[in-house]
Amino acid sequence: MHRLRTASVVAASAAALALALSGCSGGSGSNGSGGATGKGGTLNILTTASPVHLDPATSQNLSTTTLGLIVRRLTTWQIEPGKAAKVVPDLATNTGTPSDGGKTWTYELKKGVEFQDGSAITTQDIKYGIERSFASTLTGGLSYHKSLLVGGDAYRGPFDGGSLDSIATPDDRTIVFHLNAAYGDWPWIASMPAFAPVPEGKGDPNTYDKDPVSSGPYQVQSNQQGSELTLVRNKYWSAKTDSVRTAGPAKIVFKEGQDQSTATQTLIADSGDAKDSFSATYLGAAELNQVRQNPSAADRVATSKAGPLTYLAMNTQKGALADLKVRQAIEYATDKRAFRIASGGAQAGTYASTLITPGIAGRKDYDLYEAPASGNVAKAESLLKSAGHASDLDLTLLTQNDPSFLAQAQALQQGLKRAGITVTLKPEDADSFYTDATNDDSYDLVLYSWQPDFPSANANIQPLFASSQIGSGGNNVSHYANPDVDALIATATATVDTADAQAIWAQVDRKIMQDAPVVPLTYAKQSFLHGSNVRDFQIADFPAYPNYLKVTLSK
């Protein structure tokens, strides 16, 4: 599926989030146009990915999408519209028992959980699955655990016979993790792909990506990588031990390498297999325009309430931008209305003012720089004058060399010009853009976007604003460094009590915005189209993607 850049990878075009249809944001959020739901049938998932990758050690897949159909983890996400996401047990009996002030976490496996061959899943399988993720031949996966586990910095995987001692398995159903420091969000970490069980001896890094051993409701029947992946039911999966997956369709077929425009036309036509299909890629402005012309298709669009935070980052360590008043002036001078129009209009997203994503528990709504959506130019000019930069501010804006991004950057450029700020655009191809944004410091401004890897404010704040994340591929592209904020981040990270941690993260959010390192622009919406037989097609408040684990087909 198409992923936004997260703590490992930044967001793709906000224009592709745009222009939804009025009255269609609910789409078929539950049972669509009505009709009974039931078990069975073949669900087709149309994806631009080529191929779909299935190795948990290299995956950044969300807990509720593709890989979640095939493998289970110690914990997982419970998501539903109108409610904040929760971490819940998956293979484990609970979300983890902390000790030693949050430096040690213990899990017990549920009874009766089995692989696709009927063999029992043990904690040794969990340990081996995690250890595989450290191997140099398996890269690209979510890697939070690697720096958190004691000895993880030096461990190189199990293929040379080595074991990571900070993961203990005193018996087949008990697993204990020893961390370098207290980490209250460890239950969320245990929901990541690397925490899927892998039987030792069956995790060959050269072949496992094509055919992993299933612990979930589906297993691989065939996999023509780059063309088509077919999943069928795993008869040893039990709904009695799984509260988040419904295993509705009898078969699921991923049709890979799809052209998005062609896939959209197929779903609009809604004939044959298209009736039992949905697109894994959110609709861009062009596709949404096509859908708008067809009332039947318009009724089959589901749109998220909110999604990734799109923002203008300011290089706080460069030139005039080191002055808080200058950054505050940019907060007021930015024309969010023009930016959103360039992104596709009102359904492209809602205006943003905070750093924590809507749908994440503990978020507090506030606006320190309250102004009309088009900005407050007079306030900006006053701040610039008091900072001694009434007419000499000349800044460079790093953006992607793509029509959608350029249109958005131009809207920002024109908005700032009203306050006497000259902005020169620096468009780059995607690879160069991400390399320069996360390693270079020659730019003044950068248009960026972020979707957290897991539903906690930790994943909103720490990767983007901890000083340790400046440069070397880190995503603190505003080069923001505040020792007090670093200390609060450390405190929040180490806080085990969920409510207490959420209160601290909300405090951190507000404290960062007092320093104005970024201008929050929009919480970008994402829209997905499905066929008329697809039911239970839900997009929760977070993440802004369909929940694959609940989708069914009409009888």
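Computed from a predicted structure; not experimentally measured.
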### Check ion pair R363-D365 (N to O, under 4.0 angstrom)
yes

### Task
Could you tell me whether K110 and D242 have a side-chain N and a carboxylate O separated by less than 4.0 Å?
no

### Message
Under a plain distance cut-off of 3.5 Å, with no hydrogens placed, do N223 and D211 share a side-chain donor-acceptor pair?
### Response
no

### Task
Tell me, please, whether Y208 has R132 positioned over its six-membered ring: NZ or CZ under 6.0 Å from the ring centre and within 45 degrees of its axis?
yes

### Query
What's the verdict on side-chain contact (heavy atoms from CB on, under 4.5 Å) for V113 and W237, showing C-alpha distance, side-chain angles and the deciding distance?
CA-CA 7 Å; V113 289; W237 170 79; over 6 Å; no

### Query
So do Q124 and E200 actually touch side chain to side chain, heavy atoms under 4.5 Å?
no

### Query
Out of curiosity, L231 CG to I70 CD1, how far, rounded to the nearest 0.5 Å?
4.5 Å

#### Entry: Taking every non-hydrogen atom, the tightest pair across N460 and P452
ND2-CG, 3.3 Å

### Task
Without swapping roles, check the side chain of N180 against the backbone of S147 for a donor-acceptor pair under 3.5 Å.
yes

## Note on the structure
Rounding to 0.5 Å, atoms NZ (K111) and CD1 (I121) come to a distance of 16.0 Å

### Message
Using side chain to side chain donor-acceptor pair (under 3.5 Å), reason through D209 and Q225 one step at a time and then give a plain yes or no.
### Response
CA-CA 10 Å; D209 185 58; Q225 288 188 307; 3.2 Å; yes

### Query
Cut-off 3.5 Å, side chains only: do T169 and T123 have a donor facing an acceptor?
no

### Message
Can you confirm whether the side chains of N439 and Y434 place a donor and an acceptor under 3.5 Å from each other?
### Response
no

### Query
Is a donor on one side and an acceptor on the other found under 3.5 Å between the side chain of T493 and the backbone of I489?
yes

### Query
Going by distance alone, is a donor N or O of one side chain under 3.5 Å from an acceptor N or O of the other, for Y480 and D486?
no

### Task
Before giving the answer on side chain to side chain donor-acceptor pair (under 3.5 Å), spell out for T350 and R340 the whole-Å C-alpha distance, their side-chain angles and the decisive distance to 0.1 Å.
CA-CA 8 Å; T350 55; R340 190 169 74 165; over 6 Å; no

#### Entry: Other residues, nucleotides, ligands: >12 heavy atoms within 6.0 Å of K146 NZ
yes

### Summary
Test side chain to side chain contact (heavy atoms under 4.5 Å, CB included), reference R73, set S215, P197, S63, output is S63

### Query
Angle class for the F465/Y311 ring planes (parallel below 30°, perpendicular above 60°, tilted otherwise)?
tilted

### Task
Would you give the length of the straight line joining atom NZ of K83 to atom CG of D541, rounded to the nearest 0.5 angstrom?
11.0 Å

### Message
Given 3.5 Å as the limit, does a donor-acceptor pair link the side chain of D185 with the main chain of W188, or not?
### Response
no

## Note on the structure
Here the gap from S353 atom OG to K336 atom NZ, rounded to the nearest 0.5 Å, amounts to 6.0 Å

Run the side-chain donor-acceptor check on residues 496-507: report pairs under 3.5 Å with partners two or more places apart or on a different chain.
{"residue": "D497", "atom": "OD2", "partner": "A499", "partner atom": "N", "Å": "3.2"}
{"residue": "D497", "atom": "OD2", "partner": "D500", "partner atom": "N", "Å": "2.9"}

### Query
Hey, is NZ on K325 packed in by over 12 heavy atoms from elsewhere, all under 6.0 Å?
no

### Task
Using ring-ring contact (aromatic ring centres under 6.0 Å, His included) as the criterion, point out the one residue from F454, Y144, F195 that pairs with W186.
F195

### Task
Check whether any side-chain heavy atom of V220 sits under 4.5 Å from a side-chain heavy atom of L54, and report yes or no.
yes

#### Entry: Pair R173, T93: side-chain N/O donor-acceptor within cut-off below 3.5 Å
no

### Side-chain donor/acceptor of T76 to backbone N/O of V88, under 3.5 Å
no

### Task
Determine whether the side chains of S191 and W77 contain a donor N or O and an acceptor N or O closer than 3.5 Å.
yes

### Task
Using the test ring pair (Phe, Tyr, Trp, His ring centres under 6.0 Å), find all partners of F528 that sit at least two apart in sequence or belong to another chain.
Y545

### Task
Could you give me the CA-CA distance, side-chain angles and deciding distance for D100 and L179, then say whether side-chain contact (heavy atoms from CB on, under 4.5 Å) is met?
CA-CA 10 Å; D100 192 20; L179 312 184; over 6 Å; no

### Task
Using modelled atom types only, decide if a donor and an acceptor are shared between the side chain of R233 and the backbone of P217 within a distance under 3.5 Å.
no

#### Entry: Close side-chain approach of K210 and H53, heavy atoms under 4.5 Å
no

### Query
Distance-only, no hydrogens or angles: does the Y369 side chain make a donor-acceptor pair with backbone N or O of V519 under 3.5 Å?
no

### Message
Keeping T303 on the side-chain end and S527 on the backbone end, is there a donor-acceptor pair under 3.5 Å?
### Response
no

### Task
Go through the side-chain N and O atoms of T64 and N547 and say whether any donor and acceptor fall under 3.5 Å apart.
no

#### Entry: Distance-only side-chain donor-acceptor flag, T75 / D90, under 3.5 Å
no

### Message
Using a 3.5 Å distance criterion without hydrogens, assess whether the side chain of S59 forms a donor-acceptor pair with backbone atoms of D55.
### Response
no

### Message
Check this for me, if you would: do K364 and D509 make a salt bridge, where the nitrogen-to-carboxylate-oxygen distance has to be below 4.0 angstrom?
### Response
no

#### Entry: Six-ring centre of Y366, R510 cation under 6.0 angstrom, axis tolerance 45°
yes

#### Entry: side-chain contact (heavy atoms from CB on, under 4.5 Å) assessment of L149 paired with L164
CA-CA 9 Å; L149 288 164; L164 186 57; 3.9 Å; yes

### Query
Is it true that the side chains of E108 and T174 contain a donor and an acceptor less than 3.5 Å apart?
yes

### Query
Going by heavy atoms in the side chains, are I252 and Y218 under 4.5 Å from each other?
yes

### Task
Write down the atom of T552, the atom of G248, and the distance for their closest heavy-atom approach.
CG2-CA, 4.0 Å

### Message
For the residue pair Y448 / N475, report whether a side-chain donor-acceptor contact shorter than 3.5 Å exists.
### Response
yes

### Task
Report yes if the side chains of M513 and P520 come closer than 4.5 Å at any heavy-atom pair, otherwise no.
yes

### Summary
So CD of Q526 and OG of S304: to nearest 0.5 Å the spacing works out to 5.5 Å

### Message
Quick one about N315 and D444 (side-chain donor to acceptor, distance below 3.5 Å, no hydrogens or angles considered), yes or no?
### Response
no

### Query
Do T65 and N61 have side-chain atoms, one donor and one acceptor, less than 3.5 Å apart?
yes

### Message
Apply side-chain contact (heavy atoms from CB on, under 4.5 Å) to residues L447 and L398 and explain how you reach the verdict.
### Response
CA-CA 7 Å; L447 179 57; L398 181 66; over 6 Å; no

### Query
What's the spacing between L69 CG and Q219 CD if we round to 0.5 Å?
13.0 Å

#### Entry: Distance-only polar pair, side chains of S133 and H145, donor-acceptor under 3.5 Å
yes

### Task
Spell out, as yes or no, whether a donor-acceptor pair under 3.5 Å connects the side chain of Q60 to the backbone of G141.
no

### Task
Could you tell me whether E131 and K127 have a side-chain N and a carboxylate O separated by less than 4.0 Å?
yes

### T122-Y128 side chain donor-acceptor pair, cut-off 3.5 Å
no

